[in-house]
Amino acid sequence: MPRDHETAGRVSASMSFGQRLRAIRERRDYTQAALAKVAKMDVSHIAHFEGDQREPSAESLRKLARALDCRADYLLELSEDTSRINGEH
């Protein structure tokens, strides 16, 4: 099985916050419900973020980044680095 950084569906710099959130959630093998549970958020928030219907607060962004083990700057389109914070693949 390919590692996160080797997947065929590479992230494009033109992806929206919601698209990036969904892409990394799927790379980490989370459903929306599972991510919501780990991030201690309502699943409707995840759906709204992924649908680009809402923008996350700073606190929501922090929770999502921690739950997904990724950098907030990736979610904010400031980086293309999808590596895990803990250095694991």
Side-chain angles (χ1 to χ4, degrees):
M1 190 159 147
R3 293 182 176 154
D4 288 348
H5 65 281
E6 297 171 342
T7 56
R10 293 197 181 258
V11 175
S12 167
S14 64
M15 291 175 74
S16 69
F17 173 85
Q19 291 168 323
R20 282 175 175 254
L21 177 60
R22 180 177 180 173
I24 200 154
R25 174 181 60 77
E26 290 176 346
R27 285 184 186 172
R28 302 295 198 247
D29 293 322
Y30 279 119
T31 62
Q32 286 184 345
L35 175 57
K37 184 175 181 178
V38 172
K40 297 180 179 150
M41 301 173 75
D42 192 279
V43 70
S44 67
H45 290 133
I46 306 297
H48 285 126
F49 296 150
E50 288 187 3
D52 289 314
Q53 297 169 347
R54 293 176 69 181
E55 291 186 11
S57 66
E59 180 64 13
S60 292
L61 181 62
R62 184 188 64 76
K63 287 179 178 182
L64 290 168
R66 284 192 177 174
L68 292 165
D69 193 21
C70 72
R71 300 179 190 286
D73 60 346
Y74 165 76
L75 292 172
L76 293 171
E77 304 174 61
L78 300 173
S79 169
E80 296 304 311
D81 183 5
T82 62
S83 61
R84 294 179 185 265
I85 293 171
N86 294 324
E88 300 171 6
H89 293 282

Step through the shown structure and confirm whether more than 12 heavy atoms of other residues, nucleotides or ligands are within 6.0 Å of CD on E55.
no
Around atom CZ of R25, are there more than 12 heavy atoms of other residues, nucleotides or ligands at under 6.0 Å?
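Counting neighbours around CZ of R25, more than 12 heavy atoms of other residues, nucleotides or ligands fall under 6.0 Å, so yes.
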Quick check for you: to the nearest 0.5 Å, what is the distance between [X] atom [atom1] and [Y] atom [atom2]?
X   : Y   : atom1 : atom2 : result
M15 : I24 : CE    : CD1   : 10.0 Å
E26 : T31 : CD    : OG1   : 10.5 Å
R62 : R66 : CZ    : CZ    : 4.5 Å
L64 : H45 : CG    : NE2   : 10.5 Å
F17 : D52 : CZ    : CG    : 8.5 Å
Q32 : L21 : CD    : CG    : 8.5 Å

Any non-hydrogen side-chain atom of R54 less than 4.5 Å from a side-chain atom of S60?
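In short, these two side chains do not touch, never coming nearer than 4.5 Å.
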Checking R28 side chain against D69 main chain: does a donor-acceptor pair fall under 3.5 Å?
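Looks like yes, one N/O pair under 3.5 Å.
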Please report the shortest heavy-atom distance between [X] and [Y], naming the atom on each side.
X   : Y   : result
A67 : V38 : CB-CG1, 3.6 Å
K40 : K63 : O-NZ, 3.6 Å
D42 : A36 : C-CB, 4.0 Å

Passes side chain to side chain contact (heavy atoms under 4.5 Å, CB included), Q19 versus R22? Steps please.
CA-CA 5 Å; Q19 291 168 323; R22 180 177 180 173; 5.9 Å; no
Do M41 and V43 share a hydrophobic cluster, counting only Ile, Leu, Val, Met, Phe, Trp and Tyr and linking them when any side-chain heavy atoms are less than 4.5 Å apart?
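As far as the 4.5 Å side-chain criterion goes, V43 and M41 are not connected within one cluster.
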